[in-house]
Amino acid sequence: MKYYTTTPIYYVNDKPHLGTAYATCMTEVMNLFRSLIGFETKFLTGTDEHGQKVQQVAHQRQVDPLTHCNEFSKNFMETWKHLNIDYDIFYRTTRIQHKKAVQSILTKLYDQGDIYEQNYEGWYCVGDETFYPEEDLKEGLSPTGKPVEKISEKNYFFRMSKYQQPLIDHIQKNPRFIQPKNRKKEVLSFLSQPLEDLSISRPKSRIHWGIPLPFDDSHVTYVWVDALSNYAIAVGFQWEEALFEEWWTQAQVQHIVGKDILIIHAVYWPTLLLALNTKLPDEIFGHGWILNKDSKKMSKSKGDTLNPLAVVDRVGIENFKYFITSEIRFGNDAPFSEELVIQKVNADLSNTLGNLLSRSTNLIAKFYDGQLPPGSPEKNILKTTGLELFKKVKDSILINEPHTACSHIISFLKAMNQYVEEYAPWKLVKEDKTQAGVVLRDTLEGLRISAILLSPVLKIKSSQLLEALNFSWDKSTTPAEKVCSEWYLLNETQVIQKAQPLFPRL
Ligand code: MSP
């Protein structure tokens, strides 16, 4: 089964910050977990390069918009590289192919009568690239606190209201469609009011940096319609049917987005797809925000964002990913500080995982000359829980709970530490070397399974851990499920060395 997962495509009006880094890292982690549990995966990220906001920034910088986009989209690619994020597609809305496909989408909607022309008078927020009705304004600002301007112009509208009821029906019939549950409630409550039609164009007199409407060259496409289409066009929509069939129609599709852009993804996008008679994404997951010290959203417009590169250079990229995956309940807002990362990493990775690895390898090096002691056919608590771990992780990922997946792994590692404390192999070895050997061997097998299951989060550390255990695992040929469903798999012919500290205390 194929699973296609996407981040939002980011505006190129600024550089990546900790909030966008959080979103991209979490999407990568989810994608890697899905690959671990057996899906064939594709992961898209990219940049949203049209619209008034980008046009304005380019103008301020006195460069032409495309030059600006090239530079800023490169910033994103470089940051993701630095954060060791591997994606399959980096989508840019300034691709030629994107323009053609968006135009063919609009032509289809226009030809079938789903687009009409009307005068529009109201408030526009450039920061959010969104129109707001007068009653939504708060003290003269947008609901998100940004400046708005009064606008009166001719626009083209998409008959979104026509698809309101079909969308409500779809949400009700498909419990996985909007997640987590509280977000689904939000969307349904939004849909309990009559839905207005959506303005999908901007006159060129106001903004020229966009895709011209195929049926009226004096207008460009509203940037959100242009941007949302990326998810489908990237996998062949309107240009490569077989690919689209494979990676959209027949695949599981999940959009991971921040809760601030959930309505757009859960209402605008699905109604457009309904009008296009195309399958809707299977899941739209609204994640929470990374908060600053005053428990407010870190944001570019407030200028209180952290530079992810600086943070990660101080705490370590895998420590950062471990913290955001395991400490933050996916979907909730969460405060962020380096102190919080340090506490979590020290507790789980240094004291629990690292300690267990160095203790057990040290004892094997010392008392068994590095020869891996044989295990025992008898059942014990480690073996039983260790062999159940893959399923627990899989079940957690299938319900979008990576934090629960991590907590199962850490509970297992804690149980192993306790087990080792109880049996005290450093003493037991003097009375019953065989039994002490079994305790150590079981511990290493448990570490092996933990390392495999943590690999979506700790890409490098987990392979180093497996290396320390002399376990070579080629995930392209051997599914994780297989190596996690057998217990004594470590190679007995190779010498175990006392492991280097893999997770030094921060
Ligand atoms: N370009 C649009 C998305 C188009 S998708 C078809 C856009 N871009 S954005 O650059 O503003 O950022 C988007 C994502 O970053 C959103 O999902 C938003 O929630 C996320 N974040 C921005 N600040 C954030 C935090 N402080 N914390 C977590 N995520 C945050 O919107």
Side-chain angles (χ1 to χ4, degrees), residues 5-27 44-54 57 69 72-73 75-76 79-80 89-94 98 102 105 125-130 142 144-146 183 209-210 221-234 237 253-270 272-273 281 284-308 311 320 323-325 328-337:
T5 312
T6 65
T7 71
I9 51 171
Y10 303 106
Y11 286 129
V12 286
N13 64 332
D14 205 351
K15 293 186 178 157
H17 59 76
L18 202 71
T20 43
Y22 167 73
T24 314
C25 287
M26 283 312 301
T27 310
L44 168 142
T45 188
T47 42
D48 181 357
E49 306 188 8
H50 291 128
Q52 197 166 348
K53 189 143 101 163
V54 174
V57 177
C69 291
F72 275 65
S73 110
N75 276 333
F76 279 88
T79 305
W80 304 154
I89 305 173
F90 190 96
Y91 198 89
R92 297 188 56 190
T93 53
T94 45
H98 178 73
V102 168
I105 290 172
C125 170
V126 177
D128 294 345
E129 295 280 17
T130 303
S142 75
T144 54
K146 295 175 198 154
R183 302 275 169 244
W209 185 234
T221 311
Y222 173 36
V223 64
W224 270 106
V225 172
D226 160 349
L228 288 164
S229 318
N230 97 85
Y231 300 128
I233 300 172
F237 193 50
V253 177
Q254 184 191 44
H255 301 316
I256 296 182
V257 300
K259 60 181 187 177
D260 48 327
I261 55 172
L262 179 72
I263 295 286
I264 294 181
H265 279 81
V267 177
Y268 296 10
W269 178 225
L272 282 164
L273 288 168
I284 300 170
F285 188 91
H287 66 73
W289 288 336
I290 294 288
L291 306 177
N292 62 22
K293 289 206 175 85
D294 325 318
S295 297
K296 301 243 169 66
K297 182 188 180 217
M298 275 179 197
S299 76
K300 294 178 283 200
S301 45
K302 280 191 258 128
D304 63 355
T305 53
L306 293 174
N307 173 358
V311 170
F320 171 75
F323 171 80
I324 58 171
T325 312
I328 303 176
R329 192 184 165 84
F330 197 36
N332 288 4
D333 290 347
F336 182 88
S337 72

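Start at 1 with the first residue, then count along the sequence. Any value given below was found using the heavy atoms of this structure, including those in side chains, with hydrogens, waters and symmetry copies removed. Counting convention: from 1, in listed order, for ligands and their atoms alike.
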task = Report yes if Asn230 has an N/O atom closer than 3.5 Å to an N/O atom of ligand 1; otherwise report no.
result = no
inquiry  = Under the criterion salt bridge (charged side-chain N to carboxylate O under 4.0 Å, His left out), I'd like the reasoning laid out for Glu49 against Arg92: C-alpha separation, chi angles, the key distance, then a yes or no.
reply    = CA-CA 7 Å; Glu49 306 188 8; Arg92 297 188 56 190; 2.7 Å; yes
query = Okay, side chain of His98, backbone of Asp226: is any donor-acceptor separation there less than 3.5 Å?
reply = yes
ask   = Less than 4.5 Å apart, any side-chain heavy atom of Val311 and any of Leu18?
value = yes
ask   = Going by the order shown, which atoms of ligand 1 are within less than 4.0 Å of some heavy atom of Ala227?
value = 6 (C)
request  = Pull out every atom of ligand 1 sitting under 4.0 Å from any heavy atom of His265, numbered as shown with elements.
outcome  = 5 (S), 6 (C)
task = Taking only heavy atoms of Gly288 into account, list the atoms of ligand 1 that are under 4.0 Å away from them.
result = 28 (C)
ask   = For Thr24 and Tyr10, does a side-chain donor sit closer than 3.5 Å to a side-chain acceptor?
value = yes
query = Has the side chain of Asp333 got a donor or acceptor atom that lies under 3.5 Å from a matching backbone atom of Trp289?
reply = yes
key: Numbering as shown, the atoms of ligand 1 that approach Thr20 to under 4.0 Å (heavy-atom distance)   = 15 (O)
ask   = Does Ile9 reach ligand 1 with a nitrogen or oxygen that is under 3.5 Å from one of the ligand's nitrogen or oxygen atoms?
value = yes
ask   = Between Asp48 and ligand 1, does any nitrogen or oxygen pair lie at a separation below 3.5 Å?
value = yes
task = Examine Ala23 against ligand 1 and note whether any of their N/O atoms are separated by less than 3.5 Å.
result = no
request  = Give the ring-plane orientation class for His255 versus Trp269, where under 30° counts as parallel, over 60° as perpendicular and anything between as tilted.
outcome  = tilted
task = Check His265, His287, Arg183 against Val257 for a side chain to side chain contact (heavy atoms under 4.5 Å, CB included) and give me the one that passes.
result = His265
note = In ligand 1, the atoms that come under 4.0 Å of a heavy atom of His287 are 28 (C), 29 (N)
request  = Decide whether an N or O pair under 3.5 Å exists between Tyr11 and ligand 1.
outcome  = yes
remark   = Note: Ile290, heavy atoms under 4.0 Å from ligand 1, region reported as both
remark   = Of Trp289, Trp269, Tyr10, the residue with the heavy atom nearest atom 12 (O) of ligand 1 is Tyr10
query = Out of curiosity, is Glu129 lining ligand 1, as in a heavy atom under 4.0 Å away?
reply = no
query = Once the angle between the rings of Phe323 and Phe336 is folded into 0 to 90°, is it parallel (under 30°), tilted (30 to 60°) or perpendicular (over 60°)?
reply = perpendicular
key: Lys259 side-chain N/O to Gly288 backbone N/O, donor-acceptor pair under 3.5 Å   = no
